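Accompanying notes for the structure given below.
Quick caveat, the model's predicted, so the values are computed rather than measured. Just so you know, ligand 1 is whichever comes first in the structure, and atom 1 is the first atom listed for that ligand. When a residue number appears, it is its place in the shown sequence, counting from 1.
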Amino acid sequence: MKKEILNVQNLKLHYPISRGFFVKRNFIKAVDGVSFSLFVGETLGIVGESGSGKSSICRLILSLIPKTSGNIKWFGKDFNLYKKKEIKSFRKKVQIIFQDPYGSLDPRMTIGSIIKEPLGIFNKNLSKNESTERVIALMSDVGLSSDLYNRYPHEISGGQCQRVGIARALINKPSVLVCDEPVSALDLSIQAQILDLLDVLKHKYNLTLIFVSHDLSVVKAICDNVIVLKSGKIIENGITSDLFKNPKDPYTKKLISSVPSPIPAR
Ligand SMILES: Nc1ncnc2c1ncn2[C@@H]1O[C@H](COP(=O)(O)OP(=O)(O)OP(=O)(O)O)[C@@H](O)[C@H]1O
Ligand SMILES: [Mg+2]
């Protein structure tokens, strides 16, 4: 039977946009009553146009921002009931990679120290040599030459920066990786390489993935299940291949019809 890692119920994130005593308060409903589950070993896609609430959902489930209401259960336990020690272990088990490969790396740190940094937080017992060895092994797994260990982010390409971000996220051997548009800032050929890499790493590291994209062709390539989001609400969800074959909602149909065909029409 499939084991549930994450259960989200009626999750809401509303930002107040009007001020003053006499004005009726208005809200931007960034996330508006979203419910879904994530199962062990699954790659779950979250797709929707810009502003539909994809990043907000990622930040909420990682507890990086407070929710307006709803329930988030990780590893079978309500996140509100997590103790300090459990939150620390959660931070090790659930990692995120972001869209902007350059912006998410500290420009003053070398590639090696960027990847190594989270080890110091969660694995204090490792010797310096052991840590360095672990970083170099991981650099090899993500396709980075060890020659880059002492280089800085501005000296490497966007694709390589994203590989650094992935290595940093994996250094503490997490079980869940949340990828918030990890390839949308990259050229098409590099996008394909990073997607292949994520697929290889998923199996090597036994990862469960949440994969966010506005691009349905990317989601189709790697996701088992998909959630279609519009204006903070789930409008359709299901097995990726079924959803592509038989989309029910007009918005999903529109998104699918805008996916470019790999073979140009003559
Ligand atoms: N701090 C904030 N204050 C007010 N509104 C916000 C804030 N952060 C996000 N929003 C709004 O919430 C909505 C959802 O934003 P979110 O970043 O989650 O969308 P997204 O689907 O990730 O978009 P994109 O594809 O552009 O990354 C948008 O309308 C956005 O303008
Ligand atoms: Mg976003």
Side-chain angles (χ1 to χ4, degrees), residues 6 8-20 23-36 38 43-72 79 94-105 158 161-162 165-166 168-169 176-188 190-191 194-195 198 209-223 225-237 240 243 247 249-260:
L6 166 69
V8 174
Q9 289 300 327
N10 206 13
L11 186 62
K12 292 186 183 173
L13 174 65
H14 293 180
Y15 290 107
I17 47 170
S18 55
R19 293 172 225 136
V23 187
K24 189 171 173 270
R25 291 193 80 156
N26 275 321
F27 296 91
I28 290 180
K29 296 179 176 175
V31 179
D32 197 23
V34 161
S35 305
F36 66 91
L38 175 71
T43 299
L44 175 68
I46 302 181
V47 68
E49 61 196 359
S50 183
S52 55
K54 306 181 296 294
S55 297
S56 300
I57 291 180
C58 294
R59 296 202 169 95
L60 287 169
I61 59 174
L62 279 145
S63 198
L64 300 176
I65 51 172
K67 59 187 191 288
T68 304
S69 62
N71 284 310
I72 299 170
F79 197 80
V94 184
Q95 288 289 319
I96 184 163
I97 50 174
F98 296 101
Q99 172 173 358
D100 176 8
Y102 279 115
S104 49
L105 307 180
C161 276
Q162 198 51 290
I166 294 170
R168 182 182 159 94
V176 181
L177 189 59
V178 177
C179 310
D180 188 1
E181 307 231 27
V183 297
S184 45
L186 305 172
D187 290 346
L188 272 185
I190 312 290
Q191 282 194 13
I194 299 289
L195 291 178
L198 282 171
L209 292 182
I210 292 185
F211 194 93
V212 168
S213 182
H214 61 269
D215 183 343
L216 231 65
S217 57
V218 167
V219 167
K220 190 181 181 187
I222 70 160
C223 296
N225 295 299
V226 62
I227 287 172
V228 182
L229 207 64
K230 188 186 179 197
S231 308
K233 288 183 162 50
I234 294 179
I235 56 160
E236 194 163 352
N237 64 326
T240 312
L243 195 118
D249 192 274
Y251 177 71
T252 316
K253 287 182 188 161
K254 201 181 98 194
L255 281 182
I256 290 174
S257 66
S258 62
V259 172

So that I can check it, does any N, O or S atom in S56 come closer than 2.8 Å to the Mg ion (ligand 2)?
no

Of all the heavy-atom pairs spanning [X] and [Y], show the shortest one and how long it is.
| X | Y | answer |
| --- | --- | --- |
| N10 | S35 | N-OG, 2.8 Å |
| G53 | L229 | C-CD2, 3.7 Å |
| K233 | D32 | NZ-OD2, 2.6 Å |
| Y102 | G158 | OH-N, 3.7 Å |

Per-pair distances, ligand 1 N/O vs protein N/O, less than 3.5 Å:
unit_1	atom_1	unit_2	atom_2	d
ligand 1	8 (N)	Y15	OH	3.4
ligand 1	18 (O)	S56	N	2.9
ligand 1	18 (O)	S56	OG	2.5
ligand 1	19 (O)	G53	N	3.3
ligand 1	21 (O)	S52	N	3.2
ligand 1	21 (O)	S52	OG	3.4
ligand 1	21 (O)	G53	N	3.0
ligand 1	21 (O)	K54	N	3.0
ligand 1	21 (O)	K54	NZ	2.9
ligand 1	22 (O)	S55	N	2.9
ligand 1	22 (O)	S55	OG	2.9
ligand 1	23 (O)	G51	N	2.8
ligand 1	25 (O)	K54	NZ	2.7
ligand 1	25 (O)	E181	OE2	3.4
ligand 1	26 (O)	S50	OG	2.5

Going through the checks in order, is the side-chain hydrogen bond (donor to acceptor under 3.5 Å, both in side chains) test met by S217 and D215?
CA-CA 6 Å; S217 57; D215 183 343; 2.6 Å; yes

Below 3.5 Å, can you tabulate the donor-acceptor pairs from side chains in residues 176-187 to any protein atom, sequence neighbours excluded?
unit_1	atom_1	unit_2	atom_2	d
D180	OD1	S55	OG	3.4
D180	OD2	S55	OG	2.7
E181	OE1	S184	OG	3.1
E181	OE1	H214	ND1	2.7
S184	OG	Q99	NE2	3.4
S184	OG	E181	O	3.3

